[in-house]
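Below is one structure; the comments refer to it alone.
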Amino acid sequence: MENNYKKLAEAIFPNINKNVEYYENLYSERSKKNNVVTRFAPSPTGYMHLGGLYISLINQSFAHKQNGTFFLRIEDTDQSRILSNGVTEIINTLHNFDINFDEGPINETEDFGEYGPYRQSDRKEIYQTYAKYLIEQGKAYPCFCTKDELEKIRENQNKVGESLIGYGGKYAVCRNLTVNEAIKKIENGESFVIRLKADNNGIKRVTVKDIIRGEINMEDNEIDVVIIKGDGLPTYHFAHVIDDHLMRTTHVIRADEWIPSLPLHLQMFKTLGFKAPQYAHVCPILKLEGDSKRKLSKRKDPEARVGFYFEQGFPIIAVKEYLLNLINSRFELWREKNPELSYKDFDINLNEMSKSGALFDLNKLLNVSKRIIKNMTDEEVFQGILNWSKLYSNNLYQFIIKDENKFKSSIPIWHKNRMDIAKWNEIEKNFDYLYDLNFLQKLNINNEFLNFPYVLEILKDYIESYNQNDEQSVWFEKIKNIANKYNYCVKIKEYKNNPKNYNGSIVDVTTFIRIALTGKKDSPDIYEISQYIKEEEVKKRIKNLIDYLTK
RNA sequence: GGUCCCGUGGUCAAGUGGUUAAGACACCGCCCUUUCACGGCGGUAUCAUGGGUUCGAAUCCCGUCGGGAUCACCA
């Protein structure tokens, strides 16, 4: 019988002449210091998703904080879905987000590391060697069923109310083919896949362990799953088990959609005689649609595409720190206590991760980002804006490089002790009064303060008294004088106590000036703005408002 | 439909049998203040639901409801 299986294995994989021992020796156990080995294993099927970034950040932080190894593996076994620049896209995105892997593909064709190749399409021979080994032992077999036949089996199972749905048990007809029958079919050129015999008869329960969820009680696998597809490449399940064994992965941290196949994977590890890694299944980032939550979708949600964050000009650290909040809510407290440490110093704890998916909260991201920008130096802010505008806003970029120093001098106006900006694309829009040369023509003034008495007089006096060289205190004394002259209260408390005694308060006076200069009621210090835009422009803008109010 | 997972304010969440049920974001108010902010202080608002166990339940057990995942030669 054993010889028969060998004959079958030989008929199926005549060109496979290495054996299992060869690979076991080639990829020997990692040294002790690699007590933690994690990986990120995406498919190169399109632009990277926030969820992918999230998973890779967890894997990287978890491994690196413990001096472990983090590698990248490309899962490209579905030839119909891979994209030509998919690998480059993934590598670039990870690079841009400063997520560094220790081993893996470094471009479309080359790999780096001792446990490669790191793309599954280059590992065909390895998978086939192990498949051949399983066939020799009678643990796997060729299946010649067509799609239609499989469909019929399933229909029938549904009709009968069978609890087993799929190719297993008595429904696994090819399992009973004799070796000679199988060989004959192969010789006749019939197409086939390789299936693994389920290590199970009838429904059994197993308890699987997950770092995040704890113990989970499930039905054991009883399906003879496909391990090698018609094109000779492995399915995800088989590739996962072979790769993570041979690459000596210790912790598989992946999306929670894989929980249902955990019994299968564990069974495969056992059948192959491998030690299984520890698993942590992470829940996805969600989005509210109507009343129900759904996964962030690349199609529907712009924020699902990581490119979105570059385009908007979020500092990448902000995105990562937001994600870290989601990974371990303890991060927030830690960050507050250790404002100067790098996020890389934070200890990720997998069993502190939430068991339910979090809704993506743009507000929170914005806040995290504002705080990070606030804590940057002016120079860092400058570099951030420069790099961003170069790629995404030619207008702003041209404005900056025309006079870098002048632009730099404007940064403290809105940066010092402020949280005005969460992402670089807000600069032009929010600070058009600083950076738009045609600001005056575009200025839109609302007229609600026409109601205040003496607005015109106040503005005229302000133009009259304005002097670019005044110290801030002198400048403000002048405003106070004007306020007094028109009975606008200089002391806010006094005004609040007796508002009826005055035409308004000094707050209103500065608001007139602010609106004239910026078109907004909210803006940074108007003295500093004035210093930046210079006397002529200040007067022009005040005059502009006077003209507007006059007509 | 089968199997599995999850359910604490609007959002992220701490919590493991006794807490006035932390904290952060958002929102509102107050203080500081020449303004806008920053900062400080405070406020609104939560244990899905019904039973049980217990002197005592967000926490343990059972049911219900709700949301999600999965059931491919895709990953």
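These numbers come from the heavy atoms of this one structure, side chains and all, not from hydrogens, waters or symmetry mates. All chains are named by letter (A, B, ...) in the order of the sequence lines, taking the proteins before the strands, and each is independently numbered beginning at 1.
- Using modelled atom types, one finds no donor on one side chain facing an acceptor on the other under 3.5 Å when comparing A/Lys209 with A/Tyr279.
- Using a 4.0 Å heavy-atom cutoff across all strands shown, A/Asp522 reaches sugar-phosphate atoms only and no base atom.
- Taking for each of A/Lys374 and A/Asn367 the nucleotide of RNA chain B with the nearest heavy atom, the 5'-most of the two is the partner of A/Asn367.
- Taking atom CZ on A/Phe476 and atom C1' on B/U33, their separation rounds to 10 Å, with Å as the unit.
- Here A/Glu257 lies in heavy-atom contact (under 4.0 Å) with a base.
- Nearest to the side-chain atoms of A/Ile165 among the listed nucleotides B/C71, B/A75, B/C73 stands B/C71.
- Looking at A/Arg514 and A/Ser523, their side chains do bring a donor and an acceptor atom within 3.5 Å of each other.
- Rounded to the nearest Å, the gap between the C1' atom of B/C60 and that of B/A24 is 30 Å.
- Relative to the side chain of A/Lys355, the nucleotides B/U34, B/G23, B/C6 differ in distance, and B/C6 lies closest.
- Partner assigned to B/C41 is B/G29, using Watson-Crick or G-U wobble distances below 3.5 angstrom.
- Note on A/Asp525: a base of the nucleic acid sits closer than 4.0 angstrom, heavy atoms only.
- We find that CZ of A/Arg294 is positioned 19 Å from C1' of B/C6, with the value rounded to whole Å.
- A/Glu289 comes within 4.0 angstrom of no nucleic acid atom, judged by non-hydrogen atoms across all strands.
- Across all strands shown, nothing is found opposite B/A22 as a Watson-Crick or G-U wobble partner with both distances under 3.5 Å.
- Closest contact between the side chain of A/Leu359 and the listed nucleotides B/U11, B/A75, B/U35 involves B/U11.
- Among the protein residues, A/Trp414 comes within range of no part of the nucleic acid, since none of its heavy atoms lies under 4.0 Å from any strand.
- Regarding contacts with the backbone of B/C25, every side-chain N or O of A/Arg335 stays at 4.0 angstrom or more from both OP1 and OP2.
- Rounded to a whole Å, the CZ atom of A/Arg371 is 13 Å from the C1' atom of B/A26.
- Between A/Ile515 atom CD1 and B/U35 atom P there is a gap of 15 Å when expressed in whole angstrom units.
- Taking atom CD1 of A/Ile216 as the reference point, atom C1' of B/A69 lies 12 Å away to the nearest angstrom.
- A/Glu336 has its CD atom 8 Å from the P atom of B/C25, to the nearest Å.
- Put simply, OH on A/Tyr171 is 16 Å from C1' on B/C71, counting in whole angstrom units.
- Taking the ring centroids of A/Tyr167 and A/Tyr171, they lie at or beyond the 6.0 Å cut-off.
- Remark: A/Arg154 is in phosphate contact with B/A72, judged by side-chain N or O atoms under 4.0 Å from OP1 or OP2.
- Using a 4.0 Å heavy-atom cutoff across all strands shown, A/Lys364 reaches at least one base atom of the nucleic acid.
- Interface remark: the A/Glu477 side chain does not form any donor-acceptor pair with the B/U34 base, using a distance-only criterion of under 3.5 Å.
- Under the Watson-Crick or G-U wobble criterion, with both distances below 3.5 Å, B/C73 is left unpaired in every strand shown.
- Here A/Ser261 lies out of heavy-atom contact (under 4.0 Å) with every strand.
- As rounded to the nearest Å, B/A14 and B/U54 have C1' atoms that lie 25 Å from one another.
- Taking only side-chain atoms of A/Thr510, from C-beta outward, the nucleotide of B/A13, B/C25, B/U34 with the closest atom is B/U34.
- Residue A/Thr77 has a polar side-chain atom (N or O) positioned under 4.0 Å from OP1 or OP2 of B/A75.
- A distance of 6.0 Å or more separates the ring centres of A/His245 and A/Tyr130.
- Nucleic acid contact class of A/Asn217 (heavy atoms, under 4.0 Å, all strands): sugar-phosphate only.
- Here the rule is salt bridge (Lys or Arg N to Asp or Glu O under 4.0 Å) with A/Glu332, and of A/Arg371, A/Lys364, A/Lys337 only A/Lys364 fits it.
- Using modelled atom types, one finds no donor on one side chain facing an acceptor on the other under 3.5 Å when comparing A/Glu303 with A/Tyr309.
- B/G9 makes up no base pair with any nucleotide shown, lacking Watson-Crick or G-U wobble contacts both under 3.5 Å.
- Here A/Ser523 lies in heavy-atom contact (under 4.0 Å) with a base.
- Within the nucleic acid shown, A/Arg254 has no heavy atom closer than 4.0 Å to any nucleic acid atom.
- Base engagement by A/Cys145 is indicated by at least one non-hydrogen atom pair under 4.0 Å involving a base atom.
- Nucleotides B/C65 and B/U53 place their C1' atoms 23 Å apart, quoted to the nearest Å.
- Comparing B/U19 with B/G56, their C1' atoms are spaced 14 Å from each other, to the whole Å.
- Comparing the C1' positions of B/C47 and B/G42 gives an interatomic distance of 24 Å, to the nearest angstrom.
- For A/Tyr343 and A/Trp334, the gap between ring centers reaches or exceeds 6.0 Å.
- One C1' atom belongs to B/G52, the other to B/C41, and the distance between them is 45 Å to the nearest Å.
- Distance, A/Glu149 CD to B/A72 C1': 16 Å, rounded to whole Å.
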inquiry  = For a ring pair (Phe, Tyr, Trp, His ring centres under 6.0 Å) check, start with the C-alpha distance between A/Phe314 and A/Tyr322, then their side-chain angles and the critical distance, and finish with the verdict.
reply    = CA-CA 11 Å; A/Phe314 280 97; A/Tyr322 169 67; 9.4 Å; no
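- Taking the P atoms as reference points, B/U16 lies 12 Å from B/U59, given to the whole Å.
- Residues A/Asp231 and A/Gln79 bring no donor and acceptor atom of their side chains to less than 3.5 Å of each other.
- For A/Ser163 and B/U3, the shortest distance from a side-chain N or O to OP1 or OP2 is not below 4.0 Å.
- Out of B/U70, B/C73, B/U34, the shortest distance to the side chain of A/Lys147 is found at B/C73.
- Taking the P atom of each, B/C6 and B/U44 are spaced 33 Å apart, rounded to whole Å.
- Across all non-hydrogen atoms, the minimal contact from A/Lys287 to A/Leu296 is CB-CD1, 3.7 Å.
- Proximity note for A/Ser329 (side chain, C-beta onward) versus B/C71, B/A13, B/U35: the nearest is B/A13.
- Counting any heavy atom pair closer than 4.0 Å across all strands shown, A/Lys493 reaches sugar-phosphate atoms only and no base atom.
- Taking only side-chain atoms of A/Glu219, from C-beta outward, the nucleotide of B/U34, B/A37, B/G2 with the closest atom is B/G2.
- Under the Watson-Crick and G-U wobble criteria, each requiring two contacts below 3.5 Å, nucleotide B/A14 is left unpaired.
- Between A/Lys229 and B/A72 there is no side-chain N or O to OP1 or OP2 distance below 4.0 Å.
- B/G50: Watson-Crick or G-U partner is B/C62, with both key distances under 3.5 Å.
- The shortest distance between the side-chain N/O atoms of A/Arg205 and the OP1/OP2 oxygens of B/U3 is not below 4.0 Å.
- Contacts of A/Val193 with the nucleic acid, taken as non-hydrogen atoms under 4.0 Å apart, include base atoms.
- Within the 4.0 Å cut-off from OP1 or OP2 of B/C30, not a single side-chain nitrogen or oxygen of A/Lys496 is found.
- Comparing A/Ala358 and A/Pro524, the nucleotide of RNA chain B nearest to each residue sits closer to the 5' end for A/Ala358.
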